[in-house]
> 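Structure below; questions to follow.
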Amino acid sequence: MSSELRSNFLRSQIQADLKQGNVNELVTRFPPEPNGYLHIGHAKSITVNFGLAEQFGGRCHLRFDDTNPEKESQEYIDSIQEDVQWLGFRWSGDVRYASSYFQQFYEWALHLIDAGLAYVCDLTVEEARDYRGSLTEPGRNSPYRERSPVENRDLFEQMRAGAFEDGARVLRAKIDMASPNINLRDPILYRVRHAHHHQTGDAWPIYPTYDFAHGQEDAIEGITHSICTLEFEDHRPLYEWFLDKLPVPHRPRQIEFARLNTSYTVTSKRILKQLVDSGTVAGWDDPRMPTIAGLRRRGYPAAAIRHFCEEVGTSRSDSVVDVAMLESAVRDHLNHHAPRAMCVMDPLKVVLTNVEAEEQLTLANHPSDASQGTRLVPFSSEVWIDKEDFREEANKKYKRLVLGKRVRLRGAYVIEADSCDHNERGEVECVYARIIPKTLGEDPEDGVKPKGVIHWVSAPAGVKATIRHYDRLFTVPNPAKSDDVLSVVNAASLREIHSAVIEPALVNAASEAVFQFEREGYFVADRYDHSAARPVFNLTIGLRDVWGQQGD
RNA sequence: UGGGGUGUCGCCAAGUGGCAAGGCAGCGGGUUUUGAUCCCGCCAUUCGCAGGUUCGAAUCCUGCCACCCCAGCCA
């Protein structure tokens with residue numbers, strides 16, 4: 001394990017287990033149920049499980065916990081595998097399925113029955129709820145609790161054979177209806193469900209519950225540390241009860257950690273679905289969505305997401321991480337890796353009255369990383385600059401182009417504005433300026449330095465592009481707490497402009513390539529919509545902007 | 001108020017009896033052909049509260065308080 005990694009209770013525990021010889025090799029697993037798309041919270045779990053295995057030279061399995069077929073589908077299985085791989089992790093061996101172990105689970109259920117530790121119960125859902133008691137009152141024994149092992153075996157075999165209707169009977173563990181831990185009040189092991197399963201087809205009319213499956217899955221796979229979230233803590237005694245009572249080949253151990261919560265973000269499947277169904281967002285991979293697919297389409301690099309998950313740490317205390325921390329990780333990564341380019345969002349023409357021939361300038365792709373190379377940027381007598389970068393007059397704090405003043409065109413010449421035209425509404429329509437000779441890579445010879453630097457694009461060579469500006473999806477830090485989530489959706493979370501102009505080299509941007517548009521932010525060539533014929537870039541994240549916060 | 005957890009800076013989070021790491025955010029200043037980056041500095045005499053043990057306590061003990069999870073044939 002590299003020493004720069006922050007210590008946490010998981011690493012300490014694993015280190016101790018390895019040192020004391022409790023385990024020889026760390027084996028973890030990421031066990032999603034394929035019933036939806038993965039989101040940022042899953043990214044944390046993935047980073048924890050795969051990351052730990054990597055750091056300790058162990059292995060991590062990808063296992064689909066597919067014990068409830070009605071909610072699951074192949075579509076989700078595919079997307080989950082794609083997301084895990086995109087995040088940069090590789091699972092050990094083949095993808096695993098809980099459903100591969102159904103026969104073993106069935107035999108183990110018979111084992112419990114024969115040992116008098118499980119029984120078939122005919123109580124209805126409502127009756128069972130009543131018999132379960134409450135948080136403060138003990139439950140009562142089911143009238144079917146004392147059926148003989150022989151009768152239970154017969155009934156359970158009939159359940160398996162498909163003799164009963166959905167919900168007619170269940171198999172329950174015989175533990176303790178008075179346990180203060182409700183999970184131990186004769187939990188259900190199997191339910192009758194005549195449902196088609198995406199992996200096992202129609203082979204099974206009964207399906208095991210999470211509790212009866214998970215620990216045994218871990219045991220079969222030789223998982224040493226079964227890491228899950230805090231809400232399963234109360235299930236641990238049950239997890240261990242099964243391992244105690246069954247002839248399992250291995251003894252895994254469950255350890256819980258606090259799930260990741262991020263401010264201004266919602267990860268509830270119900271709400272995410274609501275956003276999609278209401279048309280609030282364009283789909284599960286809308287760049288505003290906290291899904292892995294959404295973050296990806298937004299241009300958030302996998303490495304930045306992983307780094308963020310590592311940075312926030314892993315503990316057992318409930319917390320809400322400021323989403324600014326995720327954004328910071330994204331900016332940090334992109335600052336180092338994204339090539340620079342220029343894009344004018346709101347074009348204003350500048351005529352350079354003393355420029356005649358067009359020339360090709362060679363600009364560095366990155367200000368401090370020469371290995372990223374250079375590119376050709378055409379410079380002409382007419383260039384576009386952003387409307388925000390010109391004022392007829394301004395105070396000293398304004399570091400852009402002003403009539404009678406100078407500014408540097410990024411990577412090109414210093415220019416001085418002489419005059420401008422207005423349209424019928426009085427708006428500036430065109431600026432006339434001159435380049436100061438010999439200022440390519442040099443300060444003006446007369447010693448009058450420009451106030452600032454602005455980005456630009458050659459008017460004849462620039463290409464129109466669609467730019468999608470994204471902002472936070474919600475206006476409040478904890479949207480899930482709102483009665484009506486849709487009412488706290490940020491109406492301005494997407495602003496699409498079609499009149500932006502990009503430098504020509506950008507037309508050939510590869511799908512999903514992220515650039516820093518200088519002085520604007522990081523933008524990604526849309527995974528699906530971008531093409532040379534119709535360039536489309538999504539705002540990944542803006543640059544930090546002290547000026548923008550202060551105003552002028 | 002049954003059981004299980006958690007409380008260290010605005011937000012995360014190390015720390016496991018010997019002078020309270022780090023990151024994010026924020027605030028100053030410097031560099032800069034991105035108002036970015038980068039660099040420098042500031043930012044918890046105090047660890048939910050109250051007692052106690054100890055030469056010494058965020059760390060040990062006792063008692064409180066607050067918040068989270070559990071009563072699916074979901075996971």
Side-chain angles (χ1 to χ4, degrees), chain A residues 6-8 12 31-33 35 65 67-68 70-71 121 123-125 128-130 132-139 166-172 178-185 187-193 206-207 209-211 213-214 228-237 256 258 260 262-263 308 311-329 331-332 335-336 340 342 367-368 397-400 407-414 439-443 449-450 452-455 477 516-521 542-550 552:
Chain A
R6 205 216 289 56
S7 77
N8 64 48
S12 304
E33 181 185 16
N35 66 348
D65 212 353
T67 57
N68 189 13
E70 290 170 316
K71 292 186 168 183
C121 180
L123 253 24
T124 64
V125 172
R129 185 182 304 132
D130 183 46
R132 192 154 38 233
S134 71
L135 293 178
T136 52
E137 299 160 324
D166 283 9
R169 296 189 219 260
V170 295
L171 182 70
R172 292 228 254 169
S179 172
N181 180 345
I182 293 178
N183 294 298
L184 262 23
R185 319 244 262 229
I188 290 171
L189 275 40
Y190 270 93
R191 65 281 219 196
V192 175
R193 194 121 316 164
I206 56 173
Y207 290 95
T209 55
Y210 163 85
D211 284 312
H214 209 92
C228 62
T229 43
L230 250 24
E231 67 268 29
F232 291 103
E233 197 159 18
D234 292 338
H235 293 246
R236 198 191 327 140
E256 313 83 17
L260 170 70
T262 311
S263 61
F308 163 72
E311 276 295 299
V312 298
T314 305
S315 76
R316 287 173 62 84
S317 52
D318 292 311
S319 60
V320 180
V321 176
D322 191 336
V323 74
M325 223 164 141
L326 206 208
E327 296 173 342
S328 169
R331 284 197 187 96
D332 186 55
N335 177 45
H336 291 290
R340 314 283 119 127
M342 292 194 281
S368 57
K397 287 163 73 178
Y398 187 75
K399 305 203 302 183
R400 310 176 187 188
V407 79
R408 159 85 62 185
L409 292 182
R410 174 65 164 164
Y413 300 88
V414 171
T439 50
L440 202 56
E442 310 277 348
D443 282 337
K449 291 188 178 178
V453 180
I454 63 173
H455 55 101
Q516 183 196 97
F517 289 172
E518 298 211 45
R519 300 209 307 134
E520 291 286 352
L543 260 24
R544 271 185 79 236
D545 183 11
V546 179
W547 165 260
Q549 283 169 17
Q550 293 175 341
D552 52 314

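Chain letters run A, B, ... following the sequence lines, proteins first, then strands; residues in each count from 1.
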> Return the value, rounded to whole Å, for the distance between atom CG of A:Asp65 and atom P of B:A75.
7 Å
> Report the residue (A:Ala258 or A:Lys399) whose heavy-atom-nearest nucleotide on RNA chain B is the more 5′ of the two.
A:Ala258
> Between atom CZ in A:Phe308 and atom P in B:C12, what is the gap in whole Å?
11 Å
> Applying a 4.0 Å non-hydrogen cut-off, can you work out what A:Leu440 is touching in the nucleic acid: base, sugar-phosphate, or nothing?
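Base contact - A:Leu440 has a heavy atom under 4.0 Å of at least one base atom.
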> Tell me what A:Gly441 touches on the nucleic acid: a base, only sugar-phosphate, or nothing, going by heavy atoms under 4.0 Å.
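Base, at least one base atom sits under 4.0 Å.
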> What form does the base of B:G5 take, syn (within 90° of 0) or anti?
anti
> Can you check whether any acceptor in the base of B:U34 is under 3.5 Å from a donor in the side chain of A:Gln516, or vice versa?
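Result: at least one qualifying N/O pair found.
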> Should A:Ser317 be listed as having a side-chain N or O under 4.0 Å from OP1 or OP2 of B:A13?
yes
> So what does A:Asn8 hit on the nucleic acid, given a heavy-atom distance under 4.0 Å: a base, only sugar-phosphate, or nothing?
sugar-phosphate
> Can you identify which nucleotide, out of B:G5, B:U34, B:G23, has its nearest atom closest to the A:Val453 side chain?
B:U34
> Examine the base of B:G35 for any acceptor or donor lying under 3.5 Å from a partner atom in the side chain of A:Arg400, and report the outcome as yes or no.
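Yes, a donor-acceptor pair under 3.5 Å.
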> At under 4.0 Å, does any side-chain N or O of A:Arg316 touch on OP1 or OP2 of B:U6?
yes
> For a quick check under 3.5 Å, do A:Ser317 and A:Ser319 share a side-chain donor-acceptor pair by atom type?
no
> Is there a donor and acceptor pair, one atom on the side chain of A:Arg544 and one on the base of B:U37, closer than 3.5 Å?
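Flag unset: no donor-acceptor pair detected.
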> Taking the side chain of A:Ser7 as heavy atoms from C-beta outward, which of B:G15, B:U34, B:C24 is closest to it?
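Closest of the options to the side chain of A:Ser7: B:G15.
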> So, OP1 or OP2 of B:G35: does either fall under 4.0 Å of a side-chain N or O from A:Arg519?
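Affirmative; the distance criterion is met.
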> Has the side chain of A:Arg408 got a donor or acceptor that lies under 3.5 Å from a partner of the other kind on the base of B:U33?
yes
> Would you mind classifying the nucleic acid contact of A:Thr136 as base, sugar-phosphate or nothing, using non-hydrogen atoms under 4.0 angstrom?
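If one applies the 4.0 Å heavy-atom cut-off, A:Thr136 turns out to touch a base.
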> On RNA chain B, nearest-nucleotide positions of A:Thr439 versus A:Thr314: which is more 5'?
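Looking at the nearest nucleotide for each, A:Thr314 comes out on the 5' side.
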> In whole angstrom, give the distance that lies between atom CZ of A:Arg6 and atom P of B:A14.
6 Å
> Look at the aromatic rings of A:Tyr210 and A:His214 and report parallel, tilted or perpendicular, splitting at 30° and 60°.
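Judged by the thresholds at 30° and 60°, the geometry between A:Tyr210 and A:His214 is tilted.
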> For the side chain of A:Asp332, starting at C-beta, report the closest nucleotide among B:C38, B:A75, B:U34.
B:C38
> How many whole angstroms separate atom CG of A:Asn335 from atom P of B:G35?
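After rounding, the reported distance stands at 14 Å.
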> If the C1' atom of B:C69 is compared with that of B:G51, how far apart are they to the nearest Å?
30 Å
> What pairs of nitrogen or oxygen atoms, one from the protein and one from nucleotides 67-73 of chain B, lie under 3.5 Å apart?
{"residue": "B:C68", "atom": "O2'", "partner": "A:Asp318", "partner atom": "OD2", "Å": "3.3"}
{"residue": "B:A71", "atom": "O2'", "partner": "A:Arg132", "partner atom": "NE", "Å": "3.0"}
{"residue": "B:G72", "atom": "OP2", "partner": "A:Arg132", "partner atom": "NH2", "Å": "2.6"}
{"residue": "B:C73", "atom": "OP2", "partner": "A:Arg132", "partner atom": "NH1", "Å": "3.4"}
{"residue": "B:C73", "atom": "O2'", "partner": "A:Arg193", "partner atom": "NH2", "Å": "3.1"}
{"residue": "B:C73", "atom": "O2", "partner": "A:Arg193", "partner atom": "NH2", "Å": "3.4"}
{"residue": "B:C73", "atom": "N3", "partner": "A:Gly167", "partner atom": "O", "Å": "3.2"}
{"residue": "B:C73", "atom": "N4", "partner": "A:Leu123", "partner atom": "O", "Å": "2.9"}
{"residue": "B:C73", "atom": "N4", "partner": "A:Gly167", "partner atom": "O", "Å": "2.9"}

> What's the CD-P distance between A:Glu311 and B:G23, to the nearest Å?
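Spelled out: CD on A:Glu311 to P on B:G23 is 9 Å.
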> Given the rule in the salt bridge (Lys or Arg N to Asp or Glu O under 4.0 Å) test, do A:Lys71 and A:Glu33 qualify, once you have shown the distances and angles that lead to the verdict?
CA-CA 9 Å; A:Lys71 292 186 168 183; A:Glu33 181 185 16; 5.9 Å; no
> Please state how far atom CD in A:Glu327 lies from atom P in B:C11, giving the value in whole angstrom units.
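My rounded result for the distance is 18 Å.
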> Which whole-number value in Å describes the distance from A:Ile454 CD1 to B:U34 P?
13 Å
> Just checking A:Ser12: base, sugar-phosphate only, or nothing, at a heavy-atom cut-off of under 4.0 Å?
nothing
> Hey, does the side chain of A:Ser315 come within less than 4.0 Å of B:A14's phosphate (OP1/OP2), counting only N and O?
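Checking B:A14 against A:Ser315, no side-chain N or O comes under 4.0 Å of OP1 or OP2.
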> Counting the atoms with a prime plus P, OP1 and OP2 as sugar-phosphate, which does A:Ser179 contact under 4.0 Å by heavy atoms, base, sugar-phosphate, or nothing?
nothing
> Can you name the side-chain hydrogen bond (donor to acceptor under 3.5 Å, both in side chains) partners of A:Asp234, sequence neighbours left out?
none
> Return the stacking result for B:G35 and A:Trp547: yes when the ring centres lie under 5.5 Å apart and the planes under 30°, no otherwise.
yes
> With heavy atoms under 4.0 Å as the rule, sort A:Pro367 into base, sugar-phosphate or nothing.
base
